[in-house]
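Reading through the structure tokens given below for one structure.
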Number of protein chains: 2
Amino acid sequence: MELHDASHALSALSQTSRLELFRLLVISGDEGMPAGQISTELDIPKPTLSFHLKELSTAGLILAERHGRSITYKINIEGIRELMEFLTEDCCQGRPDLCNLSNNSFNTLPTNLL
Amino acid sequence: MELHDASHALSALSQTSRLELFRLLVISGDEGMPAGQISTELDIPKPTLSFHLKELSTAGLILAERHGRSITYKINIEGIRELMEFLTEDCCQGRPDLCNLSNNSFNTLPTNLL
DNA sequence: CATGTAATTCCATGCATGTAGAATTAACAA
DNA sequence: TTGTTAATTCTACATGCATGGAATTACATG
């Protein structure tokens, strides 16, 4: 991942509606959530939501999958991983304390959602 | 750190000029770099640079310190750490593989720059 | 105090982004 | 094929952001 892509991804996440949307999809996990449900859940009109979903999609942060007549969205694990790696690359040049977050309990969390 | 602050920080980093600026300050480390040098280094006019520096400052990502008649900027370790924590919080709810980046060699890097 | 240097604010311009109603496409069901 | 539901594009409007020249503030030195 290079500067331009990272900037695109960060730009997609820099908007409160989209950050909330992103969070919701992260929590909803691998099964994702259909657009209509997201629209009611976050109280965002469908055209507006569609715009934001597209932003996150082209930024490589979420994926779309049609199920019948509804379209389900879910987070793109690879895309997020790449962004995280880019940021930690940036943050940690010779400064390991920055990224060595002490209170991240990732490894103690259940993995049954994967 | 809450949604609004995170969105503010992400917004500050979402712009290519500022992302480059941020990178430069990360690399320049704890001694930072005066605004004039940044201006010539990145070939950004002073008023434009000043605008971007302010954006990163109010987002809590960099710090300013006057030395004589020049003002030196450097990264704000705490601010960056908070943003990283917020993002990993978001990214890792029940999905530890996302943030458990395998190829991060932070702990093998020299710490003499701190 | 006067001069030179560093950086910032002021301000106007142009471009990009967010928003949401109306029209449109896509899919299923009878 | 007609009707219903889901989601998207089209479109227009308003707001916000990036840019950089000109004027301004802050500081050091003779």
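Here is the naming used below: chain letters follow the sequence lines, and residue numbers restart at 1 for every chain. Reckoned from all heavy atoms, side chains included, excluding hydrogens, waters and symmetry mates.
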For B:Ala35, does its backbone N or O pair with a side-chain atom of B:Ser39 as donor and acceptor, under 3.5 Å? no
Under-4.0 Å side-chain N/O to phosphate OP1/OP2 contact, B:Tyr73 with C:dT8: yes
Let's go through A:Lys74 and A:Ile62 carefully: what are the C-alpha distance in whole Å and the side-chain angles of both, what is the deciding distance for side chain to side chain contact (heavy atoms under 4.5 Å, CB included) to 0.1 Å, and is it a yes or a no? CA-CA 6 Å; A:Lys74 67 172 183 179; A:Ile62 64 173; over 6 Å; no
So if I take every side-chain heavy atom of B:Ser50 and compare against C:dA27, C:dT9, D:dT19, which nucleotide ends up nearest? C:dT9
A:Thr58 side chain to A:Lys54 backbone, donor-acceptor under 3.5 Å: yes
Below 4.0 Å: OP1/OP2 of C:dG18 and any side-chain N or O of A:Arg18: yes
For B:Pro47, answer base if it contacts any base atom (sugar-phosphate contacts may also be present), sugar-phosphate if it contacts only those atoms, and nothing otherwise; contact means non-hydrogen atoms under 4.0 Å. base
Whole-Å gap separating P (D:dA7) and CD1 (A:Ile44): 14 Å
Any side-chain N or O of B:Thr48 less than 4.0 Å from the OP1 or OP2 oxygen of D:dA18? no
Examine distances only and state if a side-chain atom of B:Gln15 and a backbone atom of B:Ser17 form a donor-acceptor pair shorter than 3.5 Å. yes
Quick one: label A:Glu55 by what it contacts on the DNA or RNA (base, sugar-phosphate, nothing), any heavy atom closer than 4.0 Å. nothing
From the list D:dT29, D:dA6, D:dA18, which nucleotide is the closest neighbour of the side chain of A:Arg69? D:dA6
From CD1 of A:Ile71 across to P of D:dT9 the rounded distance in Å is 8 Å
Please state how far atom NZ in B:Lys46 lies from atom P in C:dT5, giving the value in whole angstrom units. 10 Å
With a 4.0 Å cut-off on heavy atoms, is A:Ser70 in touch with a base, just the backbone sugar-phosphate, or nothing at all? sugar-phosphate
What's the CZ-C1' distance between A:Arg66 and C:dC28, to the nearest Å? 11 Å
Rounding to a whole Å, what distance do you find between B:Lys54:NZ and D:dC17:P? 13 Å
Check the distance between C:dA20's C1' and A:Gln15's CD and give it to me in whole angstrom. 14 Å
Residue whose nearest DNA chain C nucleotide is more 5′ - A:Ser17 or A:Gly68: A:Ser17
Is A:His67 near enough to D:dA6 that one of its side-chain N or O atoms lies under 4.0 angstrom from OP1 or OP2? no
With side chain to side chain contact (heavy atoms under 4.5 Å, CB included) as the criterion, how do A:Asn76 and A:Ile80 come out once you've worked through the C-alpha distance, each side chain's angles and the decisive distance to 0.1 Å? CA-CA 6 Å; A:Asn76 179 10; A:Ile80 298 167; 5.6 Å; no
Any base atoms under 4.0 Å from B:Ser39, or only sugar-phosphate, or nothing? Heavy atoms, all strands. nothing
Would you mind reading off the distance between B:Glu65 atom CD and C:dT8 atom P, rounded to a whole angstrom? 14 Å
For A:Leu21 and C:dG18, what is the distance between atoms CG and C1' respectively, to the nearest whole Å? 14 Å
